[in-house]
Amino acid sequence: MIEKSTKAARGTVQCENTNINLLKANDFVADIIKKEMARTKTLLINITSSAGSGKTTLMQKTAERLKDHITMAVMVGDLETERDADRIRETGIQALQIVTGGICHLEAQMVHQVLDKFDLENIDLLFIENVGNLVCPSSFDLGEDYRVTLMATTEGDDKPKKYPKMFLTSDMMLVSKADLLPYVPFSVEAVTKDAREVNHELEVLQISALTEEGVDAWCQWLLEKIRLKQG
Amino acid sequence: MHETSIVNSIMRTLELEFEAAQLHKMSAIHLKVGILSNIEPRLLHNAYSAYHLSDPTYQHVALHIESTSLKIQCDICSHITDVENYRFICAHCGRPSKNVIQGEEMLIHKVEFIDD
Ligand SMILES: Nc1nc2c(ncn2[C@@H]2O[C@H](COP(=O)(O)OP(=O)(O)OP(=O)(O)O)[C@@H](O)[C@H]2O)c(=O)[nH]1
Ligand SMILES: [Mg+2]
Ligand SMILES: [Zn+2]
């Protein structure tokens, strides 16, 4: 637990130089999640993007591809509705909605509260679909092994420099809706260059749920990370 | 919104860190937030005022926010670079670096208490 300060006050104004992370309460819970996932050898992936970049569609596609090979489940954060979890359940895997009630990101506490609804011992891969927004979710560690950020070709290709924290803290950027590239003013090269200026270790994959371009590579990446986690 | 969660988190963190009797004497909170933290000082001040409407316990506690700029230190040549336009590249040797030494912080830097 966090140690309490018991220093007695002396003089009139007393200053305590603390330098405590102001999200310490969140990170404390994120650490508990991390330990639990290490114990059950479940790969935990936090999926972030702006609203509508294709997160739920990707969860559906991934489930269709992988559900006969591994056990996967999804936790979905949404401001108000249950729709995304319904869509994912239609593919035959377990999905649970976390309704945030207006909060624009998931916090570790919210994830931890629903963790016991999953049979983690038997789940190889657990996704967290975060609330669609590139700002707030970047600050909240959910105890994930990897953070994957989707950037749709229908969005402006200036996102990495507008939301640097998200790209700095991500491990993988998926350029989604790649099937629309011929019709939109979006340069994969420019966005990759910008994103790598922020984070030179960022992996980049081009993907389309419609034509299935990149879906194989994405699934291979996941299977490899599962293998690593399970040792 | 985001800022409201941040204020809640600050108050929760302080309550974990200090005894209730001491928090009673708290007169000021000093935050240090980097430009990478996505915290907008003006919005945070607004959220802090709004917080007191629902819980007036700390309404006399002042909030000070210091913003810090972005700096990286090169892993190879140790040179410190002021990051501009989010190019995380060493200005001396040109190598990329993720070693952020300033600008990412979200800290409760200092807390003041008044004794009566
Ligand atoms: N052309 C094309 N459209 C896609 C693709 N993937 C998703 N879409 C469409 O984009 C829209 C949004 O997709 P979702 O999967 O709901 O996006 P999301 O990121 O889960 O959205 P929120 O949860 O609301 O943030 C839907 O109309 C999808 O059919 C794709 O690869 N290509
Ligand atoms: Mg969705
Ligand atoms: Zn250097």
Side-chain angles (χ1 to χ4, degrees), chain A residues 1-29 79 100 102-110 131 133-140 158 160-169 193-202, chain B residues 1-40 44 65 70 72 83-89 95-98 100 103-116:
Chain A
M1 269 305 291
I2 295 162
E3 255 183 78
K4 297 206 176 202
S5 166
T6 48
K7 266 182 224 151
R10 255 182 274 121
T12 46
V13 176
Q14 177 212 1
C15 260
E16 285 250 7
N17 287 304
T18 49
N19 281 329
I20 321 160
N21 178 356
L22 56 84
L23 293 182
K24 188 169 178 174
N26 179 80
D27 295 351
F28 182 73
V29 179
L79 296 169
T100 62
I103 297 177
C104 53
H105 56 269
L106 288 174
E107 297 187 10
Q109 188 60 47
M110 304 175 191
V131 181
N133 140 23
L134 287 176
V135 185
C136 324
S138 69
S139 297
F140 293 86
D158 53 355
K161 294 279 171 120
K162 266 192 183 157
Y163 306 100
K165 174 92 179 260
M166 185 56 92
F167 292 88
L168 188 67
T169 57
K193 179 173 169 284
D194 270 7
R196 290 237 169 95
E197 276 185 7
V198 174
N199 178 358
H200 68 282
E201 288 166 347
L202 190 70
Chain B
M1 259 276 310
H2 185 49
E3 281 71 18
T4 311
S5 307
I6 301 276
V7 172
N8 282 327
S9 182
I10 292 169
M11 301 329 271
R12 250 166 55 218
T13 300
L14 286 171
E15 281 165 0
L16 279 171
E17 205 76 14
F18 296 99
E19 301 287 355
Q22 194 178 4
L23 276 189
H24 234 76
K25 301 179 192 164
M26 181 164 66
S27 58
I29 302 168
H30 296 255
L31 305 181
K32 205 182 243 188
V33 297
I35 63 158
L36 258 192
S37 69
N38 294 319
I39 294 179
E40 173 61 56
L44 195 61
I65 306 173
L70 199 45
I72 52 170
V83 176
E84 271 162 40
N85 191 28
Y86 300 111
R87 292 183 80 240
F88 289 71
I89 292 166
R95 289 187 184 88
S97 171
K98 281 176 81 174
V100 178
E104 223 183 354
E105 53 275 83
M106 301 174 79
L107 294 175
I108 303 171
H109 172 55
K110 203 161 74 179
V111 186
E112 285 176 30
F113 302 94
I114 282 192
D115 227 2
D116 36 34

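In what follows, every chain begins at residue 1, and chains take the letters A, B, ... in the order their sequences are listed. These figures come from a predicted structure and were not determined experimentally.
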Approximate separation, where rounding is to 0.5 Å, of B:Leu31 CG and B:Ser37 OG: 10.0 Å

Beyond-backbone contact of A:Gln14 with B:Asp115, side-chain heavy atoms, under 4.5 angstrom: no

Which portion of A:Phe140 sits near chain B, non-hydrogen atoms under 4.5 angstrom: side chain

Side chain / backbone / both / neither for A:Thr18 at chain B, heavy atoms under 4.5 Å: both

Contact origin within A:Ser138 toward chain B - heavy atom pairs under 4.5 Å: side chain

From CD (A:Glu197) to CG (B:Asn85), nearest 0.5 Å: 7.0 Å

Largest heavy-atom contact set with chain B, pairs under 4.5 Å, which of A:Asn26, A:Thr100, A:Asn199, A:Asn133: A:Asn199

Audit row: A:Ile103, A:His105, side chain to side chain contact (heavy atoms under 4.5 Å, CB included) steps and yes/no: CA-CA 6 Å; A:Ile103 297 177; A:His105 56 269; 3.6 Å; yes

Proximal component of B:Arg87, with respect to chain A [non-hydrogen, under 4.5 Å]: both

Side chain to side chain, B:Lys32 and B:Lys110, heavy atoms closer than 4.5 Å: no

Atom group of B:Val83 that falls short of 4.5 Å from chain A, counting heavy atoms: neither

